[in-house]
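Following: one structure in structure tokens, then a few remarks.
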Amino acid sequence: MTTPNCLGNHDHQSKELSQVLVLEPPPIMKLHGDQFLNDFQLLKAWESPLPLDQFLSIHAQSVKALLTPGRYPLTKNILQLIPSLQLVVTTSAGLNHIDLPEFQRRGIAIASAGDVYSEDVADMAVGLLIDVLRKISAADRYVRKGLWDTKAEFPLGSKLCSKRVGIVGLGSIGQEVAKRLQAFGCRIMYTSRNKKPFVSYPYYSNVLELAADSDVLIICCGLTEQTRHMINKDVMLALGKEGVVINIGRGAIIDEKELVQCLVQRELAGAGLDVFENEPHVPRELLTMDNVVLSPHRAVRTPESLTAMCEHVKGNLEAFFSNKPLLSPVMNI
């Protein structure tokens, strides 16, 4: 049993800690608690008996930093209640919960998850793709149901090597996906907001042309008004009947109704989905398809990545309150 550091506790009590507003507990707190932020005074809105607007009004002129997991929309209405806010630290891989133009107008800095999750999300993308192509989950169900010795042979899967893979969004996650699939012998192509001068993969200026030249589309971009329903029926038809869609970005990047329709009508060979438009609700048609692999939005959730995120969050907050550069600032905000 370790002895408490009484001197350290006294030091904490004798100085005023910097306040950090937390509207709801992020996953890292559910796994690790909040001990990693002992150097800060956490204002836990979800523990207060007061309505949120009243709770925020108490701290409206003092709180400078907010920690968010990404589920709670940070809109103009929220920002009006906390005019002293100068920084948001998000543990989410995406930024679609943040009103970016309003943050820019108010000059509020944003510290993102950076590349903390990139390797784990890339692993999930590749895992989903292999599962869909080789029918691993479907084969598992086949064996468990006792069908191996009572039915015809299990249908053949497809090899991964030599597949033409179109990556939609070549940020840190997309680059990790590309690196992994290149090792499998895949041909990598991509589309992104801008051509990346540091990579040699063929660049496509629009997703429709990319889909037409690909066997697989892997969605790695963020959700914005420009990317919402970007993967529509035209894109899926261009991908073709042997094509596979993998989504580890955000559900609404794909037009989910049109995805279901294409799968039902066999206009696509399969899909691997970690995200959905109306989570946690999944279209019932997908639940019975053996060519579809489903995951409950868990691409970033490993003990290793959540532990690393604790240090990342702490580092960003320490940098902010010490007037040092953030570890992972969102640029152009």
Side-chain angles (χ1 to χ4, degrees), residues 119-168 173 176-177 180-188 211 214-220 231 233 235-251 253-303:
E119 293 182 346
D120 290 320
V121 177
D123 289 347
M124 175 65 85
V126 174
L128 287 170
L129 177 57
I130 294 174
D131 196 333
V132 173
L133 292 177
R134 297 304 304 268
K135 305 181 186 297
I136 296 172
S137 292
D140 178 81
R141 292 190 293 271
Y142 182 86
V143 172
R144 290 176 187 272
K145 291 178 181 178
L147 302 177
W148 196 359
D149 61 351
T150 61
K151 294 190 70 174
E153 285 192 18
F154 187 77
L156 296 176
S158 177
K159 71 185 297 181
L160 176 58
C161 179
S162 77
K163 285 287 188 291
R164 300 171 301 165
V165 178
I167 297 177
V168 181
I173 293 173
E176 290 292 335
V177 171
R180 284 156 174 72
L181 290 178
Q182 200 169 20
F184 278 99
C186 295
R187 293 169 53 195
I188 307 299
S214 300
D215 302 307
V216 177
L217 276 187
I218 301 183
I219 315 305
C220 300
I231 310 301
K233 186 174 182 179
V235 172
M236 288 181 266
L237 291 179
L239 187 59
K241 294 184 177 182
E242 300 301 317
V244 170
V245 173
I246 304 296
N247 192 3
I248 44 79
R250 285 293 184 268
I253 297 171
I254 297 178
D255 188 320
E256 200 166 74
K257 290 182 180 179
E258 293 187 349
L259 172 65
V260 170
Q261 184 181 30
C262 286
L263 288 166
V264 169
Q265 296 177 354
R266 300 187 182 279
E267 299 290 350
L268 279 177
L273 308 171
D274 182 55
V275 289
F276 306 88
E277 275 206 66
N278 300 296
E279 296 176 1
H281 305 292
V282 178
R284 57 180 177 80
E285 296 92 338
L286 298 179
L287 302 179
T288 58
M289 295 181 180
D290 273 344
N291 59 337
V292 176
V293 180
L294 308 172
S295 170
H297 201 153
R298 279 296 184 271
V300 306
R301 302 287 186 90
T302 66

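Since the structure is predicted, the reported quantities are computational estimates derived from the model, not experimental observations.
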Open item on the list: Going by side chain to side chain donor-acceptor pair (under 3.5 Å), name the pairs with one or both residues in residues 286-297, residues two or more places apart or in two chains.
Closed with: Arg141-Asp290, Asp274-Ser295, Glu279-His297

Flag, side chain of [X] to backbone of [Y], donor-acceptor distance under 3.5 Å:
| X | Y | result |
| --- | --- | --- |
| Glu285 | Val260 | no |
| Glu176 | Ala122 | no |
| Asp131 | Ile136 | yes |

Can you tell if the side chain of [X] reaches within under 4.5 Å of the side chain of [Y], non-hydrogen atoms only?
| X | Y | result |
| --- | --- | --- |
| Lys159 | Leu133 | no |
| Asp123 | Thr302 | no |
| Val177 | Ile246 | no |
| Ile253 | Val275 | no |

Task: Where at least one partner belongs to residues 256-289, residue pairs that pass ring-ring contact (aromatic ring centres under 6.0 Å, His included), sequence neighbours excluded - done: none

Open item on the list: Tell me which pairs pass ring-ring contact (aromatic ring centres under 6.0 Å, His included) where either residue lies in residues 132-157, with sequence neighbours left out.
Closed with: Tyr142-Phe154

Task: By salt bridge (charged side-chain N to carboxylate O under 4.0 Å, His left out) - contacts of Arg164 (at least two apart) - done: Asp215

- [ ] Output all residues satisfying salt bridge (charged side-chain N to carboxylate O under 4.0 Å, His left out) with Arg144, sequence neighbours left out; order by chain, then residue number.
- [x] Asp140

TODO: Mark yes when over 12 heavy atoms from residues, nucleotides or ligands other than Arg187 sit less than 6.0 Å from its CZ; otherwise mark no.
DONE: no

Open item on the list: I'd like to know whether CG of Leu156 has more than 12 heavy-atom contacts from other residues, nucleotides or ligands below 6.0 angstrom.
Closed with: no

Open item on the list: Filter on salt bridge (Lys or Arg N to Asp or Glu O under 4.0 Å), then keep only pairs touching residues 263-273, sequence neighbours left out; what's left?
Closed with: none

Task: Spatial distance of atom CD1 (Ile254) from atom CG (Leu259) [nearest 0.5 Å] - done: 5.5 Å

